[in-house]
Amino acid sequence: MSENGRIITRFAPSPTGFLHIGGARTALFNFLYARRHDGKFILRIEDTDQLRSTDESTKAILDAMTWLGLNWDAGPFFQTQRLEIYRETAKKLVAAGKAYYCVCQPEELEKKRKQALAEGRKPKYDGACRDKSLTATPDAVIRFRCPGIGATVVGDMIKGPVTFNNEELDDLVIMRQDGHPTYNFAVVVDDAEMAITDVIRGDDHLNNTPRQILLYEALGYAVPRFAHVPMILGADKARLSKRHGATSVMAYQEMGYLPEALVNYLVRLGWSHGDQEIFSLAELIAFFDLESVGKAPAVFNPEKLLWLNQHYIKECPPEKLAELVIPFWKELGHEVTDRRLAAQVVTDLRERAKTIKEMAAGSAFYFVNDVAFDEAAVKKFLNGDHIATAEASGLLFASLAEENYTKEGIENVLREFAVRTGKKLKDVAQPLRVALTGTTVSPPLDSVMTTLGKQKVIERIQKAVEYAKRVGQV
RNA sequence: GUCCCCAUCGUCUAGUGGCCUAGGACACGGGCCUUUCACGCCUGUAACCGGGGUUCGACUCCCCGUGGGGACGCCA
């Protein structure tokens with residue numbers, strides 16, 4: 001079954017919600033491990049829970065994987081399309097005496113479970129139907145017969161060998177009343193059938209692993225290698241959840257994050273390569289290994305993710321960045337079609353935005369007909385003497401020859417003007433900035449002015465002067 | 001309660017018995033640069049959970065404790 005020793009990994013989410021941060025990291029590790037070893041990465045949707053699985057979730061998960069660039073080589077496979085395989089396999093187990101039908105009622109079991117917990121015992125199935133040799137009936141489930149003696153060792157690639165006493169394991173249900181397999185059964189059958197060589201998953205599954213190994217053995221399958229990755233926690237060290245902020249991968253896209261940033265952040269959550277922080281995809285594929293995955297759970301730190309996002313924004317080519325900002329401008333009501341202009345705007349903002357969303361907001365002034373003036377800024381920099389300064393410098397720009405209307409030319413005008421009037425450059429720049437952008441915070445004036453173009457600059461200065469006069473600043 | 005896992009700066013981590021006066025990164029403080037805000041550069045604060053062993057020598061190995069996480073479903 002195994003393709004001559006080739007590594008095969010899989011990501012197997014249940015479609016009961018969006019792809020979250022933790023799942024994304026698991027998927028990423030599986031993806032990288034497969035790529036690193038020139039193997040195969042399979043996507044499998046574990047939709048055996050009829051109640052909670054939805055098509056929307058499946059779509060959302062696929063979209064998020066695609067956005068992150070976690071391209072799978074096969075699948076998505078759906079467990080609900082493979083029901084026959086589980087049923088047949090389960091029947092074989094029953095025929096071999098390794099599994100049996102059970103008619104214990106869920107309510108009854110729940111009662112016993114609670115009682116055991118209350119009495120301080122480990123809640124385990126009591127084996128009521130174990131030796132009744134029941135046959136298939138509509139309300140019967142199938143349980144796997146656990147040995148109950150001996151021990152099972154999980155040779156985990158991250159945690160090292162972990163030993164479980166088999167008496168800790170009870171007879172788990174493998175086929176439900178509704179004819180669907182349970183997780184522990186379906187996962188074993190599929191991982192075996194799909195010839196998965198390395199199972200990389202969250203360490204919340206470590207406790208399931210011994211019973212899965214027992215199933216592999218009962219079915220005569222080869223046992224894969226396991227790697228249990230520690231959980232991701234929130235700032236309060238509790239398991240990461242909605243109350244810690246955004247946990248959905250796509251929420252980060254909406255907030256203006258680059259997939260490269262999220263991938264880079266996620267991979268460093270638990271994995272390291274010396275002191276290196278920034279990794280290209282090619283480097284990740286070249287370097288990723290399970291030996292360097294830590295054993296301790298990691299706290300999700302949005303600040304560092306933000307820093308990485310800023311880094312990738314700075315690195316991003318303007319043309320590509322422009323493509324990414326366009327939808328965010330649109331959301332702000334600016335239909336930007338001029339790609340050249342967009343690339344220029346983005347270049348102005350590139351080093352001063354932490355997210356694409358922030359970049360869109362910080363550059364909206366380029367696209368308006370009338371600048372939205374910030375009251376405090378106007379009050380401070382478009383008054384008395386300042387307004388005369390703006391007006392005067394505006395005339396200078398107007399008289400600037402087209403070939404001198406460059407960043408250098410503009411800066412020269414600014415500097416000479418400051419020297420001539422005995423002002424600080426700052427006192428010349430700020431009024432202009434407010435006139436052109438409406439606020440005191442913007443990219444450098446020479447950039448703003450060249451991007452905006454001479455005509456608009458002159459127009460905006462005039463309008464600003466008029467505005468200031470109108471609101472009685474003079 | 002039982003079982004399993006884990007434990008280095010606030011956070012992510014380097015460290016595999018002497019290289020450690022414990023390194024890097026984020027965040028934070030100070031400084032430089034500067035036409036605003038940023039970027040960048042320099043710099044500072046900050047950690048080996050506790051106790052026993054083992055060893056000439058423990059952040060590194062062992063045990064116990066403590067703390068945190070996970071599992072105990074006809075969820076995955």
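Note on naming: letters A, B, ... go to the chains in the order of the sequence lines (proteins, then strands), and numbering restarts at 1 for each one.
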Reckon [X] touches a base, only the sugar-phosphate, or nothing at all at heavy-atom distances under 4.0 Å?
| X | result |
| --- | --- |
| A/H180 | nothing |
| A/L445 | base |
| A/T48 | sugar-phosphate |
| A/D156 | nothing |
| A/T440 | base |
| A/P443 | base |
| A/V141 | base |
| A/E303 | sugar-phosphate |
| A/L206 | sugar-phosphate |
| A/G294 | nothing |
| A/D170 | nothing |
| A/F164 | sugar-phosphate |
| A/S442 | base |
| A/K424 | nothing |

Check if the side chain of [X] and the base of [N] share a donor-acceptor pair of N or O atoms closer than 3.5 Å.
| X | N | value |
| --- | --- | --- |
| A/E110 | B/G73 | no |
| A/R352 | B/C37 | yes |
| A/R433 | B/U35 | yes |

Go ahead and name the base partner of [N]; Watson-Crick or wobble counts if both distances stay under 3.5 Å, otherwise write none.
| N | result |
| --- | --- |
| B/C49 | B/G65 |
| B/U54 | none |
| B/C33 | none |
| B/G17 | none |

Distance between [atom1] atoms of [N] and [M] (Å, rounded):
| N | M | atom1 | result |
| --- | --- | --- | --- |
| B/U13 | B/G50 | C1' | 23 Å |
| B/G17 | B/G73 | P | 42 Å |
| B/G51 | B/C32 | P | 44 Å |
| B/C56 | B/U43 | P | 42 Å |
| B/C48 | B/C12 | P | 16 Å |
| B/C5 | B/C9 | P | 22 Å |
| B/C20 | B/G30 | P | 31 Å |
| B/C64 | B/A7 | P | 16 Å |

(message) Using 30° and 60° as the class boundaries, would you call the ring planes of A/H273 and A/F279 parallel, tilted or perpendicular?
(response)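 Ring orientation of A/H273 relative to A/F279: perpendicular.
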(message) Using 30° and 60° as the class boundaries, would you call the ring planes of A/F29 and A/F288 parallel, tilted or perpendicular?
(response)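 A/F29 and A/F288: tilted rings.
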Listed pairs under 3.5 Å, donor-acceptor, residues 291-299 of chain A side chains, sequence neighbours left out:
residue, atom, partner, partner atom, Å
A/S292, OG, A/D289, OD1, 3.2
A/S292, OG, A/D289, OD2, 3.1

(message) Quick check with a 6.0 Å cut-off and a 45 degree axis cone: is A/R143 positioned over the face of A/Y125's six-membered ring?
(response)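 Yes, a cation-pi geometry.
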(request) For B/C74, take OP1 and OP2 only and decide whether either is under 4.0 Å from a side-chain N or O of A/R113. (result)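 For B/C74, OP1/OP2 do have a side-chain N/O of A/R113 under 4.0 Å.
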(request) Tell me whether the OP1 or OP2 atom of B/C6 has a side-chain N or O from A/K295 closer than 4.0 Å. (result)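 Answer is yes, contact under 4.0 Å.
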Could you pull out the protein-nucleic contacts involving nucleotides 42-49 of chain B (nitrogen or oxygen on both sides, under 3.5 Å)?
none

Contacts under 3.5 Å, N or O only, protein and nucleotides 58-69 of chain B:
none

(request) Mark yes or no for whether A/Y252, through its side chain, and A/A246, through its backbone, hold a donor-acceptor pair below 3.5 Å. (result)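 Yes; judged by distance alone, with no hydrogens or angles, the pair exists.
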(message) My understanding is that only one of A/F300, A/Y257, A/W307 makes a ring pair (Phe, Tyr, Trp, His ring centres under 6.0 Å) with A/Y265; could you say which?
(response)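 The passing option is A/F300.
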